[in-house]
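All figures in this text were calculated on a predicted structure; none of them were measured in a lab. Whatever order the structure lists ligands and atoms in, that order sets their numbers, starting from 1.
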Amino acid sequence: MSEPSIFTRILDGEIPSEIVAETDRLFAIRDIAPQAPVHLLVIPKTQDYRDVSELATGDPALLAEMVGLAQRLAVEHATGDYRLIFNTGAGAGQTVFHVHAHVLCGDLDEASLRA
Ligand code: AMP
C-alpha cells in the first residue's frame with residue numbers, strides 16, 4: 001500500500017481544501033496556485049493510477065467520467081469552454097503522481113501550457 005497522496009489526504013480531510021464537486025468516483029478542488037482565472041483539479045478518489053496513461057489503460061470509463069466532470073465545472077464556473085491538461089511524467093511538470101486533470105477556464109491568453 002503506497003503512502004496517501006496529497007489529494008487522498010485532502011479527500012480524507014487531513015489537509016484543508018474546498019471540494020467544489022464530488023461524484024461517486026471523483027472529486028474536484030481549486031488549485032492552490034491558479035494559472036488561470038478558473039483553475040480546478042478533477043481527481044479520481046482512487047490513487048491507483050499514477051497518470052492519465054495508466055488510467056486510460058486501466059479504467060477508460062473513469063477517464064471519460066473525468067472529462068464529463070470537467071465539462072460540467074466549466075459550465076458552472078465559466079462559459080463552458082475549457083483547457084484540459086494532464087501533466088504526465090516529471091519531465092512534463094507532473095508533481096503529484098495521483099492522476100488529476102487541470103481544468104483551466106477564463107482568459108487563457110496568459111495561462112501557461114504547463115498548468
Ligand atoms: P501537477 O504538477 O500536474 O502534478 O499538478 C499538481 C497540482 O496540485 C499543482 O498545480 C499544485 O498547485 C496543486 N496542489 C498542490 N497542493 C495542493 C493543495 N493542497 N490544494 C490544492 N492544489 C494543490
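- Without hydrogens or angle criteria, His77 side chain to Leu73 main chain gives no donor-acceptor distance under 3.5 Å.
- Residue contacts with ligand 1: His100 is included, with a non-hydrogen atom under 4.0 Å away.
- Linking Ile, Leu, Val, Met, Phe, Trp and Tyr residues whenever their side-chain heavy atoms come within less than 4.5 Å leaves Leu41 and Ile32 in two separate clusters.
- Below 3.5 Å of separation, one finds no N or O of Ile29 facing any N or O of ligand 1.
- For ligand 1, the atoms sitting less than 4.0 Å from at least one non-hydrogen atom of Ala33 are 12 (O), numbered in the order shown with element in parentheses.
- Across all non-hydrogen atoms, the minimal contact from His98 to Ser5 is ND1-OG, 2.6 Å.
- Those atoms of ligand 1 that come under 4.0 Å of a heavy atom in Ile10, given as number and element, are 18 (C), 19 (N), 20 (N).
- Contacts between Phe7 and ligand 1, counted as non-hydrogen atom pairs separated by less than 4.0 Å, involve the side chain only.
- An N or O contact shorter than 3.5 Å links Thr95 to ligand 1 by distance.
- With no hydrogens or angles considered, no side-chain donor-acceptor pair links Gln94 and Thr88 at under 3.5 Å.
- When only interatomic distances are considered, the shortest N/O to N/O separation between Asp31 and ligand 1 falls below 3.5 Å.
- Note: an N/O pair closer than 3.5 Å links Asn87 and ligand 1 by distance alone.
- A heavy-atom separation below 4.0 Å is found between Leu41 and ligand 1.
- A donor-acceptor pair under 3.5 Å is formed between the side chain of Asp51 and the backbone N or O of Ser53.
- Each side chain to side chain donor-acceptor pair (under 3.5 Å) pair with one or both residues in residues 65-74, not counting sequence neighbours, appears once here: Arg25-Glu65, Arg72-Glu76.
- Closest heavy-atom contact between Phe27 and Pro44: CE2-O, 3.9 Å.
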